[in-house]
Participant: 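I am attaching a structure below and will ask some questions about it afterwards.
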Amino acid sequence: MKSEKEIIEEMQQVVEQMRLDDIEDNPDIIDENFECDFCGETKCLAGSIEYDGYRLCNDCVLIAETAFALGKIKSNAQLIEAIEDKNLERLAQFVKDEEKRSNN
């Protein structure tokens with residue numbers, strides 16, 4: 001059985017290869033960006049994956065796929081729940097930040 005470290009290293013290689021394959025298939029993808037549904041950052045489309053209508057950047061795909069490989073997330077439904085929780089946290093932080101700005 002593989003150690004957590006081996007699984008993580010393997011997933012890093014797999015996800016990086018997905019990004020490189022996307023660039024090889026479509027070099028223009030380097031200039032295509034989107035807002036990741038998990039981290040909320042504007043990221044390159046290369047290596048991104050859509051899970052049940054939510055698009056994750058390559059960095060977040062690594063987190064998701066590693067979580068699947070380690071058995072920490074067992075289904076797309078659990079992943080979507082984590083994405084939605086993260087979105088709620090980000091929205092709540094945005095609201096708090098806006099309140100601070102308007103109070104100053």
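Side-chain atoms are counted along with the backbone in the values below, which use heavy atoms only and exclude waters and symmetry mates. Predicted model, so just to flag it, every value in this text is computed and none were measured.
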Participant: Please give me the minimum heavy-atom distance between Cys57 and Cys36, naming the atom from each residue.
Facilitator: N-SG, 3.3 Å
Participant: Can you tell me how far the OG atom of Ser48 sits from the CD atom of Glu32, to the nearest 0.5 Å?
Facilitator: 9.5 Å
Participant: May I ask you to decide if Leu56's main-chain N or O and Asp37's side chain share a donor-acceptor pair within less than 3.5 Å?
Facilitator: no
Participant: Do the side chain of Asn58 and the main chain of Gly47 share a donor and acceptor less than 3.5 angstrom apart?
Facilitator: yes
Participant: Apart from Ile29 itself, which Ile, Leu, Val, Met, Phe, Trp or Tyr residues share its cluster (side-chain heavy atoms under 4.5 Å, direct or through members)?
Facilitator: Ile23, Ile30, Phe34, Leu45
Participant: For residues 82-104, pull every pair meeting salt bridge (Lys or Arg N to Asp or Glu O under 4.0 Å), keeping only residues two or more places apart or in separate chains.
Facilitator: Glu98-Arg101
Participant: Which distance, rounded to the nearest 0.5 Å, do you find between the CZ of Phe38 and the CZ of Arg55?
Facilitator: 16.0 Å
Participant: Within a strict 4.5 Å, meaning less than it, do heavy atoms of the Val61 and Tyr51 side chains meet?
Facilitator: yes
Participant: I need the Met1 CE to Glu6 CD distance, nearest 0.5 Å.
Facilitator: 10.5 Å
Participant: Grouping I, L, V, M, F, W and Y whenever their side-chain heavy atoms are under 4.5 Å apart, do Ile8 and Ile63 come out in a common cluster?
Facilitator: no
Participant: Under the salt bridge (Lys or Arg N to Asp or Glu O under 4.0 Å) test, which residues partner Glu9, sequence neighbours left out?
Facilitator: Lys5
Participant: Name the residue from Asp59, Leu20, Leu62 that meets the side chain to side chain contact (heavy atoms under 4.5 Å, CB included) definition with Val15.
Facilitator: Leu62
Participant: Let me confirm one number: the CD1-CG distance from Ile73 to Leu79, rounded to the nearest 0.5 Å.
Facilitator: 5.0 Å
Participant: Just so I know, are the side chains of Glu4 and Leu70 near enough to count as touching, which here means a heavy-atom distance under 4.5 Å?
Facilitator: yes
